[in-house]
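These notes concern the structure reproduced below.
Residue indices begin at 1 and follow the sequence shown.
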Amino acid sequence: MRQWKLVLSLLAAGLMTGGCQQNRYGIERSIALPPATPAQVWAVAPAVNLSGEAGVDPLLQADLLFKNLQAVGGITALPVNRVAEAYLLLGINGITSPADAAAVCELLGADALVVPSVTLYNPYDPPTMAAAIQVFPARGSLLRPVSLPDADAVRGLTRTASANTAEVALPSPSAAGRQMIQQVGVFDARDGSVRRAAQQYASGRFDPSGPSGDRYVFLVADRYSSFVYHALLSGLMDELTRRQVAVAVR
């Protein structure tokens with residue numbers, strides 16, 4: 001009897017140890033607005049499909065961005081359906097100028113409007129996605145009194161939307177002037193640095209003991225798109241922090 005108890009105890013200990021190793025989650029990187037920046041409300045607009053791929057769902061892409069924006073410290077995110085309602089009330093199909101964005105912000109009581117766009121989309125393993133997020137402040141500045149980047153940062157993203165989407169073209173850099181800030185990126189999972197960043201994003205978010213392990217983020221298109229938006233938001237917060245510091249030392 002004692003031998004059976006010993007065997008059962010060893011088996012239980014082994015199962016517990018193995019389970020801990022298999023189900024060990026990582027800790028995802030948290031991002032936030034720069035220090036001393038007032039809390040803000042950002043609304044998420046439907047995505048603009050510039051990729052030519054019919055499989056890009058503007059509302060789904062916006063929802064993936066919204067879920068990541070919710071996790072940014074200091075920001076309260078408004079979902080895409082609220083912006084879609086504002087479009088209807090204003091009689092517009094999309095954002096063609098900073099004035100359009102300001103009108104949407106005023107209607108929703110938001111401090112900024114975030115417009116995602118997809119310029120390249122290949123969801124098959126290894127996935128590739130190129131995207132941008134444009135942020136239009138309601139009052140001309142995200143970080144008072146920080147000035148925003150010049151138009152050179154957004155050159156080349158003024159193509160019209162594909163014929164099978166309802167979205168209009170993004171405002172041209174000359175129209176947006178210094179009232180808009182943007183983050184752009186190309187995320188090709190064939191690159192080692194991108195794969196590492198995607199796996200770090202997945203750590204702490206997805207079950208590591210699942211059948212796909214840490215490859216899950218590459219096999220499910222929505223998960224990879226979510227990683228892309230997280231990376232863009234992270235870059236945006238880093239850039240805003242850098243600009244806040246630059247203004248402080250002038």
- Message: Walk me through whether V118 and L50 qualify under side-chain contact (heavy atoms from CB on, under 4.5 Å).
- Response: CA-CA 6 Å; V118 179; L50 304 176; over 6 Å; no
- Query: In terms of hydrophobic clustering (I, L, V, M, F, W, Y; side-chain heavy atoms under 4.5 Å; direct or indirect links), are V80 and L60 co-clustered?
  - Reply: no
- Output every pair passing side-chain hydrogen bond (donor to acceptor under 3.5 Å, both in side chains) with a member in residues 225-235, not counting sequence neighbours, ordered by first then second residue. R29-S234, Q61-Y229, N68-S226, Y201-S226
- Reported CD1-to-CG distance for the pair I133 and L233, which is rounded to 0.5 angstrom: 4.0 Å
- Query: Just how far is it from atom CD of E106 to atom CG of L113, taken to the nearest 0.5 Å?
  - Reply: 13.5 Å
- Considering all heavy atoms, the nearest N122-P126 contact: ND2-O, 4.2 Å
- Task: Tell me, with the steps shown, if V114 and F66 meet side-chain contact (heavy atoms from CB on, under 4.5 Å).
- Result: CA-CA 9 Å; V114 188; F66 164 74; over 6 Å; no
- Indicate the atoms forming the closest heavy-atom contact of A62 with V44, along with that distance. O-CG1, 3.5 Å
- Task: Calculate, to the nearest 0.5 Å, the distance between atoms OG1 and CG belonging to T37 and D111 respectively.
- Result: 11.5 Å
- Query: Salt bridge check: are R195 and D191 linked by an N-O gap of less than 4.0 Å?
  - Reply: no
- Note on the structure: OG1 of T128 to CG of D125, rounded to nearest 0.5 Å, is 10.0 Å
- Task: State plainly whether one hydrophobic cluster holds both L89 and I92, where clusters connect Ile, Leu, Val, Met, Phe, Trp and Tyr through side-chain heavy atoms under 4.5 angstrom apart.
- Result: yes
- Item | Geometric class of the Y224/F218 ring pair [parallel <30°, tilted 30-60°, perpendicular >60°] | tilted
- Message: So Y121 and P127, do their side chains get closer than 4.5 Å, heavy atoms only?
- Response: no
- Are V48 and L90 co-members of a hydrophobic cluster defined by side-chain heavy atoms under 4.5 Å apart? yes
- Task: Determine, using the 4.5 Å side-chain heavy-atom cutoff (strictly less than), whether L232 and V186 are members of one ILVMFWY cluster.
- Result: no
- Under the side-chain contact (heavy atoms from CB on, under 4.5 Å) rule, what do V83 and L78 come out as? Steps first, then yes or no, please. CA-CA 8 Å; V83 176; L78 298 181; 5.7 Å; no
- Query: Cut-off 3.5 Å, side chains only: do N49 and S51 have a donor facing an acceptor?
  - Reply: yes
- Which atom of G74 lies closest to which atom of L33, heavy atoms considered: O-CD1, 3.4 Å
- Message: Are L120 and F227 linked, directly or through intermediate hydrophobic residues, by side-chain heavy-atom contacts shorter than 4.5 Å (ILVMFWY only)?
- Response: no
- Between atom CD1 of I75 and atom CH2 of W42, what is the distance when rounded to the nearest 0.5 Å? 4.0 Å
- Smallest heavy-atom separation, A32 atom then V72 atom, equals CA-CG1, 3.9 Å
- Task: Drop me the distance from M129's CE to T119's OG1, to the nearest 0.5 angstrom.
- Result: 8.5 Å
- Task: Grab the two heavy atoms, one from V184 and one from Q182, that are nearest each other, plus how far apart they are.
- Result: CG2-NE2, 3.1 Å
- Message: So which atom in C105 and which in F136 form the shortest heavy-atom distance, rounded to 0.1 Å?
- Response: SG-O, 4.1 Å
- Task: Apply side-chain contact (heavy atoms from CB on, under 4.5 Å) to the pair L108 and V41, showing each step before the final yes or no.
- Result: CA-CA 9 Å; L108 298 177; V41 177; over 6 Å; no
- Tell me, do I181 and L240 make a side-chain contact under 4.5 Å, heavy atoms counted? yes
- Query: For residues 73-101, which residue pairs qualify under salt bridge (Lys or Arg N to Asp or Glu O under 4.0 Å), counting only residues two or more places apart or in two chains?
  - Reply: none
